[in-house]
Amino acid sequence: LKTLVMDGRLISAVAVDSTGEFCAHAAISLNEPNSPIGELVSLAVHPQYRKSGLAKRIHLYLVKEARKRKMQGLFAEAVTIHPYSQRLCLDLLGKESAVMVGYIPPSTFRKISGRSDTKRQMAIVYFFVLSKKEKKKTVFAPSQHAPMVKQIYSHLNLNRVFGRKTTGTIDVLCGNTAFDLKIKRILMMETPCVFSS
């Protein structure tokens, strides 16, 4: 964690009580130190301080910090079985932008949800627009997905113009495009799995 913070890939925030004990932690994870988009991660609140509003206050601090750094947006994932994380995202004015079906492996969420379901969980992705003066940007969506993508951008109040459809090969008339791909290898039960983001 110290290395991530020092490298600028993690903006970490903690709440401490009058004795200096940690009460809560949350962070913004960045792919690169100057990434325009970050992910809200690592929320933990000491049981003694739950229902005190600390989770919301520490996230409001992080949103303010992201705006100060002129970031364009933040996103967070909320497990569908955990209504508290969903409420927090909505309280912070996050908007649902995606559902990832079966994304979370089977886990027991008894401690945070009061239930003991162990099925694979869906995750809802929430997006937080940070700038009130969102610049117009051109996007190129596959024609079969364009109506859905337009609805998502409209729902998020993002100013997007859709580029012309291509008539030739896939790289003709596509305009400037940038993407980032990272592959992480994880060994699980002696079987390598590849996850990409």
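Not measured: the values here are computed from a predicted model. Note that these values count all heavy atoms, side chains included, but never hydrogens, waters or copies made by symmetry.
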Give me the atom names and distance for the closest heavy-atom approach of [X] to [Y].
X: L54; Y: A15; value: CD2-CB, 3.8 Å
X: A78; Y: Q86; value: CB-CG, 3.8 Å
X: A27; Y: L62; value: N-CD1, 3.6 Å
X: A66; Y: L74; value: CB-CD1, 4.1 Å
X: L130; Y: R67; value: O-NE, 2.8 Å

So, do S35 and I37 sit near enough that their side-chain heavy atoms are less than 4.5 Å apart?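 The answer is no, as the side chains (C-beta and beyond) never meet within the 4.5 Å cut-off.
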From [X] [atom1] over to [Y] [atom2], what is the distance, rounded to the nearest 0.5 angstrom?
X: I11; Y: S29; atom1: CD1; atom2: OG; answer: 9.5 Å
X: F162; Y: K137; atom1: CZ; atom2: NZ; answer: 13.5 Å
X: L30; Y: L4; atom1: CG; atom2: CG; answer: 10.0 Å
X: L92; Y: F128; atom1: CG; atom2: CZ; answer: 5.5 Å

Tell me if a side-chain donor or acceptor on H46 pairs with a main-chain N or O of A24 at a distance below 3.5 Å.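 The answer is no, because no donor-acceptor pair under 3.5 Å joins these two groups.
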Heavy-atom donor-acceptor pair, R9 side chain to P33 backbone, under 3.5 Å: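 Checked: no pair found.
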Does a side chain donor of either H155 or S97 reach within less than 3.5 Å of an acceptor in the other side chain?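 Not at all, the side chains of H155 and S97 share no donor-acceptor pair under 3.5 Å.
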Within the 3.5 Å criterion, strictly below it, is a donor on Y49 or D17 matched to an acceptor on the partner's side chain?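 Yes, side-chain donor-acceptor contact under 3.5 Å.
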Can you establish whether the number of heavy atoms outside Y61 located under 6.0 Å from its atom OH is more than 12?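 Atom OH in Y61 is not packed in, count stays at 12 or less.
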CG of N159: more than 12 outside heavy atoms within 6.0 angstrom?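 Atom CG in N159 is packed in, count exceeds 12.
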Residue pair L1, S12: steps toward the side-chain contact (heavy atoms from CB on, under 4.5 Å) verdict: CA-CA 9 Å; L1 284 175; S12 184; over 6 Å; no
Set out, in order, the CA-CA distance, both residues' side-chain angles and the distance that settles side-chain contact (heavy atoms from CB on, under 4.5 Å) for L43 and L88, then state yes or no. CA-CA 11 Å; L43 172 63; L88 175 62; 3.8 Å; yes
If you look only at pairs with a residue in residues 25-48, which of them pass as a salt bridge (Lys or Arg N to Asp or Glu O under 4.0 Å), with sequence neighbours excluded?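 Counting only pairs at least two positions apart or across chains, the salt bridge (Lys or Arg N to Asp or Glu O under 4.0 Å) contacts touching residues 25-48 are E32-K182.
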Pair listing, salt bridge (Lys or Arg N to Asp or Glu O under 4.0 Å) test, anchored in residues 139-160, at least two apart: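 Passing the test, one end in residues 139-160: E134-R160.
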Under 4.5 Å side-chain heavy-atom separation, chaining through any Ile, Leu, Val, Met, Phe, Trp or Tyr, what else clusters with F22? Say none if it is isolated.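 Taking Ile, Leu, Val, Met, Phe, Trp and Tyr as members, F22 shares its hydrophobic cluster with V14, V16.
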Test V125 against E96 for side-chain contact (heavy atoms from CB on, under 4.5 Å), laying out the working first. CA-CA 6 Å; V125 179; E96 301 95 335; over 6 Å; no
Run the side-chain contact (heavy atoms from CB on, under 4.5 Å) check on L90 and Y126 step by step: do they pass? CA-CA 8 Å; L90 292 171; Y126 291 84; 3.8 Å; yes
